[in-house]
Structure formats: C-alpha cells, structure tokens
Amino acid sequence: MPEGTAERLRARLQRLAPTRIDVVDDSARHAGHEGAKSGGGHYQLTLVSERFRGLPRLARHRLVYDAAGDLMQREIHALTMVLQTPEEAGVSPFPL
C-alpha cells in the first residue's frame, strides 16, 4: 500500500471544509484480501462538514468520492465512511 495515502486523502478532503476529519488506515487487518494484492488499502473515514447539510447519504458519498479522485482507483480499495453535519455529530459548527 502506498505510503502517505491517508495524508493525501485528508488533504483532498479539505475542500469540504471539515470541522472534524479522521482517517484510519485499516489495511493491516485486510492483508491477503484480493484488493490488497493490487496495493489498494482499506480505510475508515469520519468527516463532519456543513457541506453535508440537507444532502442524502448517497450525495454525501459522491462529494467524498469526487474529492478523493484517482486515489479511489489506485491507492484505496475500500473506504468505510461516517459523514455527518456538525449537529448530527453533536459538535458546534463554529470553531472556538
């Protein structure tokens, strides 16, 4: 799996103006998995953003996939996502 994929994903997702972003590389738990053989990693994403307000789940996922771009085709085999507005996450939408 390419080094720095989580950091590159985090950087690309900045366009969604997140108030919280957590990317966990879970690739080691999937060693030997078919997708891992081609070098694609497994990641867990938690992202909180005002951009998700009023959007259904599928539209939120599309925003993330669009921001991730070619990482989804090469470096990321699987991406588990929790995508919420600040209210859904129970956090203030405004930084302190």
Side-chain angles (χ1 to χ4, degrees):
M1 169 211 10
E3 292 295 317
T5 300
E7 290 76 21
R8 283 193 292 284
L9 178 60
R10 224 180 255 107
R12 290 183 184 198
L13 293 173
Q14 291 304 310
R15 71 171 68 171
L16 299 179
T19 56
R20 176 183 172 197
I21 183 169
D22 296 315
V23 179
V24 176
D25 184 347
D26 204 20
S27 301
R29 291 185 52 213
H30 299 275
H33 180 271
E34 192 61 37
K37 292 178 185 175
S38 65
H42 290 242
Y43 297 86
Q44 296 177 25
L45 169 67
T46 301
L47 194 138
V48 178
S49 174
E50 280 290 327
R51 295 279 310 271
F52 298 142
R53 184 170 307 286
L55 296 179
R57 184 174 167 192
L58 183 58
R60 294 175 185 200
H61 281 235
R62 284 187 182 139
L63 282 175
V64 170
Y65 289 136
D66 288 346
D70 64 340
L71 291 176
M72 293 303 302
Q73 298 163 5
R74 295 189 181 114
E75 297 180 41
I76 299 173
H77 170 70
L79 182 62
T80 303
M81 295 183 265
V82 174
L83 309 174
Q84 301 173 312
T85 65
E87 289 76 19
E88 291 167 341
V91 298
S92 171
F94 306 103
L96 297 176

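Only this structure's heavy atoms are used, side chains among them; waters, hydrogens and symmetry mates stay out.
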[X] side chain to [Y] main-chain N or O, any donor-acceptor pair under 3.5 Å?
X: Arg10; Y: Val23; value: yes
X: Arg12; Y: Ala67; value: no
X: Ser49; Y: Leu16; value: yes

Could you work out, with side-chain hydrogen bond (donor to acceptor under 3.5 Å, both in side chains) as the rule, every residue matching Asp66, not counting sequence neighbours?
none
Does the side chain of [X] reach to within under 4.5 Å of the side chain of [Y], using non-hydrogen atoms?
X: Leu79; Y: Leu9; answer: yes
X: Asp25; Y: Thr5; answer: no
X: Arg20; Y: Gln84; answer: no

Is there a chain of hydrophobic side chains (I, L, V, M, F, W, Y, each step under 4.5 Å between heavy atoms) that links Val24 to Ile76?
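Cluster IDs for Val24 and Ile76 differ.
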All heavy atoms of Phe52 vs all of Thr85, minimum pair found to be C-CG2, 3.7 Å
Side chain to side chain contact (heavy atoms under 4.5 Å, CB included) for Ile21 and Gln14? Distances and angles first, verdict last.
CA-CA 9 Å; Ile21 183 169; Gln14 291 304 310; 4.2 Å; yes
With rounding to the nearest 0.5 Å, note down the distance linking [atom1] in [X] to [atom2] in [Y].
X: Thr46; Y: Met81; atom1: OG1; atom2: CE; answer: 11.0 Å
X: Glu75; Y: Tyr43; atom1: CD; atom2: OH; answer: 7.0 Å
X: His61; Y: Leu83; atom1: NE2; atom2: CG; answer: 4.5 Å
X: Leu63; Y: Leu13; atom1: CG; atom2: CG; answer: 10.0 Å

Taking NZ, NE, NH1 and NH2 as the nitrogens, is one of them in Glu88 or Arg60 under 4.0 Å from a carboxylate oxygen of the other?
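Looking at Glu88 and Arg60, the cut-off is met.
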